[in-house]
Amino acid sequence: MPPQAQPPVAPHVPSGAVPYPQPGPPQGAQPPQPPAGPQPGPQPAPPFAGWPQQGAQPPQPSPPNEPDWNAMADRHADESRRRKRLWIGAVVVAAVLVGGIVGAGVWINGRDKGDDPKPAASGTTTGTPSATATPTEQAVAVISDAATDKLPVDAATLFPDQTRTVDGKVWTRQVTGSTAPCSKATTGGLGLALGDDTCRSLVRATYVSGESAVTVGVAVFDNKAGADRAIGRHAGLIQGLSGTGVPMFCVTDKSGCTETHASIGRFGYFTVAGSLKQGTDQSDQLATAAAGALAERTKDVLLARGSHAG
């Protein structure tokens, strides 16, 4: 037989307790209405750490360190000003250097154009003179080679003055002569220095004042190189030239006579000065003083040949 349904058993309610309401409204009752106004909805559970909340913006990565644009602009401006100052300084220095070079060129040019009228005794110019050479340089160039110096080399040409006055004393040309080979009119090793193979002749003239005498000699070479070489090896002296009214003097290098020597162009020029007193071996101060002036006059005569090129 099927089991019989058991009637529901009412729960036991302790004394004084409010019975637990049964589900479902009683018959004929109205279901409760929700109060007016917004009702709080269910509260979400707190977010788990590390998860973004709903609707929140995700964290943005921190931007890298940006440069300090203002500082960079200041540094750029400073650098520009520094470059500008350096450029201006360079321009100023260049201007000063150019001015100094131009000034030096003007000064040197001025010196070349005659500030120092006395040339070196041996001369410095050879060959054909340039159009910008000074008159002295042109003259030296002409007399530096026999090919351009074509004037005679005799006593009348080289010693044109019959008399010369030096310090108030009159010196008179008494005798002249030309000797070849050159060593025959020298002493003390000068002949070896002149070299008979290069020295063409030794032309001499003796000037006398009282008992003092000066012989001036000009050694003739083919070119300037020969004259310069002879002066560079100089030793001894030329012999005094004697003749009518002029006794022998200064014939050895032990006679106490004084001498000078120099060269210009293709010529070497010399002096020997002493006393005409027989038996003396001492220098003559009057003759020694006059020898320098007579040598300078000889150099001027040789330079004058340069104005007669050809």
Side-chain angles (χ1 to χ4, degrees), residues 118-123 155 158-179 182-195 199 201-221 227-264 267-303:
K118 292 184 179 181
S122 62
L158 298 176
F159 309 109
D161 301 323
Q162 181 63 42
T163 62
R164 295 291 298 174
T165 300
V166 181
D167 295 331
K169 299 290 185 178
V170 177
W171 293 80
T172 303
R173 188 187 67 197
Q174 294 282 40
V175 292
T176 61
S178 180
T179 303
C182 300
S183 59
K184 288 185 176 182
T186 67
T187 185
L190 181 58
L192 182 62
L194 296 179
C199 181
S201 63
L202 181 59
V203 185
R204 293 177 292 167
T206 297
Y207 289 83
V208 176
S209 180
E211 292 184 327
S212 302
V214 177
T215 293
V216 183
V218 176
V220 182
F221 298 85
D228 289 346
R229 183 166 53 252
I231 294 301
R233 299 184 302 179
H234 176 270
L237 43 81
I238 62 172
Q239 291 179 329
L241 177 64
S242 59
T244 303
V246 181
M248 294 181 63
F249 75 105
C250 299
V251 293
T252 71
D253 57 346
K254 306 297 183 181
S255 60
C257 295
T258 58
E259 67 88 34
T260 67
H261 59 277
S263 67
I264 187 167
F267 302 101
Y269 57 100
F270 310 82
T271 66
V272 61
S275 175
L276 295 177
K277 293 179 182 180
Q278 297 299 306
T280 182
D281 57 359
Q282 296 182 352
S283 62
D284 185 298
Q285 294 182 353
L286 183 64
T288 299
L294 293 174
E296 190 69 19
R297 171 57 180 165
T298 301
K299 183 183 74 172
D300 292 341
V301 171
L302 293 173
L303 278 173

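Since the model is a prediction, treat every value here as computed from it, not as a measurement.
- Between His261 and Ile231 there is a side-chain heavy-atom pair separated by less than 4.5 Å.
- The minimum heavy-atom distance between Ser209 and Lys169, with the atom names listed, is OG-CB, 4.1 Å.
- What you find for Ala235 and Ala193 is that their closest heavy atoms are N-CB, 4.4 Å.
- Remark: Asp300 CG is packed, more than 12 non-hydrogen atoms of other residues, nucleotides or ligands lying under 6.0 Å away.
- Between the side chain of Asp284 and the backbone N or O of Ala287 there is at least one donor-acceptor pair closer than 3.5 Å.
- With 3.5 Å as the limit, one finds no donor-acceptor pair spanning the side chains of Thr288 and Ser283.
- Judged purely by atom type and a 3.5 angstrom limit, Thr215 uses its side chain to pair as donor or acceptor with the backbone of Leu241.
- Contact of the Phe249 side chain with the Thr206 side chain is registered, since non-hydrogen atoms from C-beta on lie closer than 4.5 Å.
- When all heavy atoms of Ala213 and Val208 are compared, the pair lying nearest together is CB-CG2, 4.3 Å.
- Among all heavy-atom pairs drawn from Gln239 and Arg204, the shortest one is O-NH1, 3.0 Å.
- In this structure, the side chains of His234 and Phe270 come closer than 4.5 Å at one or more pairs of heavy atoms.
- Between the CG atom in Asp253 and the CD atom in Glu259 there is a gap of 10.5 Å [rounded to 0.5 Å].
- Between Val251 and Thr187, every side-chain heavy-atom pair lies at or beyond the 4.5 Å cut-off.
- Heavy atoms only, all atoms of each residue included: Thr186 and Gly191 are closest at OG1-N, 3.0 Å.
- To the nearest 0.5 Å, the span separating OG1 on Thr165 from CH2 on Trp171 amounts to 11.5 Å.
- Interatomic distance, CZ of Phe267 versus SG of Cys199, reported as 11.0 Å (0.5 Å rounding).
- Put simply, the side chain of Val203 reaches to within 4.5 Å of the side chain of Phe159, judged on heavy atoms.
- A distance of 10.0 Å separates OG of Ser242 from CG of Leu276, quoted to the nearest 0.5 Å.
- Once rounded to the nearest 0.5 Å, the distance linking CD1 of Ile238 with OG1 of Thr179 reads 10.0 Å.
- For Ala291, the side chain to side chain contact (heavy atoms under 4.5 Å, CB included) partners are Val214, Thr271, Ala273, not counting sequence neighbours.
- Within the 4.5 Å cutoff, side-chain heavy atoms of Leu302 are placed close to those of Leu158.
- Closest non-hydrogen pair, Ala295 versus Thr260, comes out as CB-OG1, 4.2 Å.
- In this structure a side-chain-to-backbone donor-acceptor pair under 3.5 Å is present from Gln162 to Arg173.
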